[in-house]
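Please read the structure below before turning to the comments.
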Amino acid sequence: MIKERLKDLVERAFEQARFDKKMGELTECPEPVVIEQPKLPEHGDFACGIALKLARHARSSPIQIANILAEYINQTPETMNGSITKVEVANPGFINFRLGTTWLTDVIKEIHIRKEDFGRDTVGGDKKVLIEYVSANPTGNLHIGHGRGAVLGSCLSNLFAFAGYKVEQEFYVNDAGAQIASLGNCAFACYQRKLGKDVEYPSDGYPEESLIEYVDQVIEQYGSQFLSLTGDEAAVTVGNATKKIIQEHQEKLLERLGIKFDRWFSESSLHAQNKVDEAMQILTDNNFTYEADGALWLKAKELGDERDRVLKKSTGDYTYLANDAAYHLDKFNRGYDLMINIWGADHHGQVPGLKAVVKALGFDSEKLQVLLTQIVNLNRDGKAVRMSKRRGTVVMLDEVMDEVGVDAVRYFLAESNPNNPINFDLELAKKQKRENPSFYIQYAHARCSSILRKAVEPSIDRESGEERPAPLTAEMFEQFKQEYGSSDSDPNLFLAVFDEDPDKFIHQKNLIMRLQALPEEVRDAAVNWQPGRLSHYAYELANTLQKFYEESQVIIPDNLPVMKARLGLVMATRQVLANALKIIGVSAPDRM
RNA sequence: GCGCCUGUAGCUCAGCGGAUAGAGCACCCGCCUUCUAAGCGGAUUGUCGAAGGUUCAAAUCCUUCCAGGCGCGCCA
C-alpha cells in the first residue's frame, strides 16, 4: 500500500528530526501519521497534515515543522531514487508528495500477484463474529424491507470475511408462539376452504391471499388427509406443514439473492429443551427479576433501559424478550467475540431491553451490537409506493427481484447507508444506461473482458473487409500473464502503460491510483461496518476506467510493449472490480 | 412528553476534523472511419436546517432550537 509506505517514510523522518533535537521537547510522535489523497491535483498525489497536528505539541508553527520534516524526507532513499519526485510544503502546513511512476506500476504487479486476494485485510484478527439477520417469521413472504436487511447482512458478512474475521451467518426462525398459532388457524381454514368445506376464514389473522399459495403446496404434498383433524391438532398440524413450506420458500428466495446462512436457528428448539426456563432461572439467580401483578419482570431499568420489562405474562406465556434471553444465552455460550443483529429500525425500542437482559445474564453487552436499517420506499412510475402491511400494498422482495434482476436489487440495497431511508427507483434499476450505477459498474467489468478477448481474436478490417490476424496468440498472452505476476519479470514492464501526453497520462495514473485504494477502502468499510462504501468505490473505479479507455488504446498490434503493459493494467482493473463486486454480491459479467 | 434516526445543488445522495464542499439525474453545448457511443468531455447549480461553543482548522465534534421519519404494550 502506497499510503503505508509514505506513512512509514514520514514516521522515520520524524524520528530522525527528533533525534537531532529538532522537534522541541517531543519524545515520541503524539499524533497518528495520516496520509490522505488531496482533492486538488496541485496538492500532489498524496498529502500529510501531521505538521498541523504537531504544532501545538512541539510549540512551533505548522509550516516550520513541515519544513523540517520535508528536509528529512528529502534525504531518504525513496526521494533520492525518484520513487517520490517531489516533496512540497504548502500552507497552512501540509506536506505534499508527488509520486514517480515506479510506485504506481508496483501496484499493477501486486494485483497480479494477489489476484482475488488483492484488498484482503487482517484487521479482523481472526475474531469470531456472528451476524444474525433477516430472521423473519415463517408466516409469509419476505418483503423489500427484509431484502434490505438481507443484503446488508450478506454484504457485511462478505466484507468481514475479506477483512480477516471469522464470520458466521444466522437466521433466527420465530417458529413458536402466538403468531404461529394464528398461522395454524388461518392455514387450516384456508386448507378446508380450498378443499370445498364452507368454513369461515379468521378475520383477524393473516390475509388469505398471502397464504393461499403455500396452502396449495400443502395440499399438493399431503392431499386431504388433514380434513379429518379437528381443533388444536388440526391447526398445529396444518400450521407446521405450512410453516415448513414458507421457510423453504424464504430459504430459496434468499439463496437466489446470493445469501446462504450457516444456521437456521429455530426458536421452538429452545422451548423443546427448556432453554427459556433455564435463562429465566439464571436471571432470577442473578437477582434481576421480580414478580408483580402476576407476571415475572426483568429489572431492566437498573440495567439502562427506560423501564422494567415483562418476561413471563400473567397468562404463563413467555414474552419475546424471554425467548430472546434464551436465544442470546445460547449465542453468548458459543463464544463469539462479536455478535451483530440486523433489525428494522421500527424495532429500535427493543434494543435497550435486549441489552439489559444480556447484562442480567452476566455477559458483556458490548459484544452484542444491533444494526438498524431504515425503511425502503419504492418508486414506480414516478409515484412512491409506500410499504404498509395494513393496506396490503407491501412490495414483496421476489417481485422486485423479478422486475429489476438480482444484481440491481443487491446493488441498490447495498449501496445505501443503513441509517437513511432508501428511495428505490424501480425504473432506474432496470435501465441499461450509465445513470444506473449497478449497470455501469458491470459494464466496466464487461468492457475489460471484451478488450482482453480482443487481444487474441482475429478482427475484420472495416475498409478492406479483410481478416486481420489476432494481435496475440493465446500462447503469447498466457506468457504475458505469467510475467505480470512474476517476481523475476522485467521491473519496468508496466512503465509502458504511460503516455508522454499529459492529457492521457493523467487518466492512466488516475486509474492506477484508484486501483491501489481498494485495500484501504476495504479496511475503512470494515471498521465502520459500511459495506456500501465498496459500492461507491466500484462506481468510481468504473468511471476512472471509462476515462482511461477513451484516451488509451490497449490493443496496439504494432507496439507490443505498450499493448503488453496495458493488457496487464486492464486485467488488474477487471480483477479489482470483481473483488469489490464480490463483496457486495453483484455478479461481474464478461459480456453484456 | 421522552428516546433513536435524518436534514448538504431543483431531485437522489456521497463526504463525517483538514487546503477552493463532491457525484449522478435534470437542463445546455460538443464528441462515433478507432478495443462495446450500453460511452466520454465541457457548462450551470450551494446561507452544508438555525444559532451558539470547542479547535490553528468544523458540513464533520459539543449544546440548544426548528423540521421530518420511527419507536415508546403482560404484540412480535
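Computation of the quantities below employed the complete heavy-atom set of this structure, encompassing side-chain atoms and omitting hydrogens, waters and symmetry-equivalent molecules.
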Please list, one pair per line, the donor and acceptor atoms closer than 3.5 Å that link side chains of residues 538-549 of chain A to other protein atoms, with sequence neighbours excluded.
{"residue": "A:Tyr539", "atom": "OH", "partner": "A:Arg434", "partner atom": "NH2", "Å": "3.1"}
{"residue": "A:Glu540", "atom": "OE1", "partner": "A:Arg514", "partner atom": "NH1", "Å": "3.4"}
{"residue": "A:Glu540", "atom": "OE1", "partner": "A:Arg514", "partner atom": "NH2", "Å": "3.2"}
{"residue": "A:Asn543", "atom": "OD1", "partner": "A:Lys547", "partner atom": "NZ", "Å": "3.3"}
{"residue": "A:Asn543", "atom": "ND2", "partner": "A:Tyr440", "partner atom": "OH", "Å": "3.0"}
{"residue": "A:Thr544", "atom": "OG1", "partner": "A:Glu540", "partner atom": "O", "Å": "2.6"}
{"residue": "A:Gln546", "atom": "OE1", "partner": "A:Arg447", "partner atom": "NH1", "Å": "2.4"}

inquiry  = Within 90° of 0 counts as syn, otherwise anti: where does B:C32 fall?
reply    = syn

ask   = Can A:His43 be said to stack with the base of B:A19, given centres closer than 5.5 angstrom and planes under 30 degrees apart?
value = yes

Interatomic distance at [atom1], [N] relative to [M], whole Å:
{"N": "B:U54", "M": "B:C62", "atom1": "P", "value": "15 Å"}
{"N": "B:C40", "M": "B:G46", "atom1": "P", "value": "25 Å"}
{"N": "B:C48", "M": "B:A58", "atom1": "C1'", "value": "11 Å"}
{"N": "B:G49", "M": "B:U60", "atom1": "C1'", "value": "15 Å"}
{"N": "B:U20", "M": "B:G15", "atom1": "C1'", "value": "16 Å"}

Heavy atoms under 4.0 Å, any strand shown: does [X] hit a base, just sugar-phosphate, or nothing?
{"X": "A:Gln432", "result": "base"}
{"X": "A:Leu428", "result": "nothing"}
{"X": "A:Ala47", "result": "base"}
{"X": "A:Lys431", "result": "nothing"}

query = Is the distance from OP1 or OP2 of B:C13 to the nearest side-chain N or O of A:Asn423 less than 4.0 Å?
reply = yes

Short side-chain N/O contact to B:U36 OP1/OP2 from A:Tyr440, under 4.0 Å = no

Minimum-distance nucleotide to [X] side chain [options: [options]]:
{"X": "A:Tyr539", "options": "B:C13, B:C74, B:A23", "result": "B:A23"}
{"X": "A:Ile451", "options": "B:A37, B:C35, B:A14", "result": "B:C35"}
{"X": "A:Asn137", "options": "B:A76, B:G15, B:C5", "result": "B:A76"}
{"X": "A:His348", "options": "B:C16, B:G3, B:U36", "result": "B:G3"}
{"X": "A:His536", "options": "B:C35, B:A37, B:A14", "result": "B:A14"}
{"X": "A:Val554", "options": "B:G39, B:C35, B:C74", "result": "B:C35"}
{"X": "A:Ala90", "options": "B:C70, B:C35, B:A19", "result": "B:A19"}
{"X": "A:Asn419", "options": "B:C25, B:C56, B:C5", "result": "B:C5"}

[X] [atom1] - [N] [atom2] separation (whole Å):
{"X": "A:Asn323", "N": "B:C74", "atom1": "CG", "atom2": "C1'", "answer": "14 Å"}
{"X": "A:Asn543", "N": "B:C40", "atom1": "CG", "atom2": "C1'", "answer": "10 Å"}
{"X": "A:Asn436", "N": "B:G39", "atom1": "CG", "atom2": "P", "answer": "10 Å"}
{"X": "A:Leu54", "N": "B:G18", "atom1": "CG", "atom2": "C1'", "answer": "14 Å"}
{"X": "A:Tyr172", "N": "B:A76", "atom1": "OH", "atom2": "P", "answer": "11 Å"}
{"X": "A:Lys39", "N": "B:A59", "atom1": "NZ", "atom2": "C1'", "answer": "11 Å"}
{"X": "A:Lys547", "N": "B:C31", "atom1": "NZ", "atom2": "P", "answer": "20 Å"}
{"X": "A:Asn528", "N": "B:A14", "atom1": "CG", "atom2": "C1'", "answer": "14 Å"}

remark   = Dot-bracket assigned to RNA chain B with the 3.5 Å Watson-Crick/G-U criterion, [ ] for crossing and | for other-strand pairs, is (((((((..((((....[...))))..((((.......))))......(((((..]....))))))))))))....

ask   = Mind checking what makes side-chain hydrogen bond (donor to acceptor under 3.5 Å, both in side chains) contact with A:Lys301, not counting sequence neighbours?
value = none

request  = Using the test side-chain hydrogen bond (donor to acceptor under 3.5 Å, both in side chains), find all partners of A:Gln575 that sit at least two apart in sequence or belong to another chain.
outcome  = A:Asn579

inquiry  = Salt bridge check, A:Lys331 against A:Glu170: does any charged N sit closer than 4.0 Å to a carboxylate O?
reply    = no

query = Salt-bridged, A:Lys431 to A:Glu435, with N to O below 4.0 Å?
reply = yes

task = Please lay out, stage by stage, how A:Phe46 and A:Phe97 fare under the test ring-ring contact (aromatic ring centres under 6.0 Å, His included).
result = CA-CA 5 Å; A:Phe46 290 94; A:Phe97 300 94; 8.1 Å; no

With a cut-off of 3.5 Å and sequence neighbours excluded, list every side-chain donor-acceptor pair involving residues 346-355 of chain A.
{"residue": "A:His348", "atom": "ND1", "partner": "A:Ala345", "partner atom": "O", "Å": "3.0"}
{"residue": "A:Lys355", "atom": "NZ", "partner": "A:Ser365", "partner atom": "O", "Å": "3.1"}
{"residue": "A:Lys355", "atom": "NZ", "partner": "A:Leu368", "partner atom": "O", "Å": "2.7"}

inquiry  = Quick check on salt bridge (Lys or Arg N to Asp or Glu O under 4.0 Å): which of A:Glu36, A:Glu521, A:Glu520 does A:Lys3 satisfy it with?
reply    = A:Glu520

key: For A:Asn528, all residues meeting side chain to side chain contact (heavy atoms under 4.5 Å, CB included), sequence neighbours excluded   = A:Asp524, A:Gln530, A:Arg533

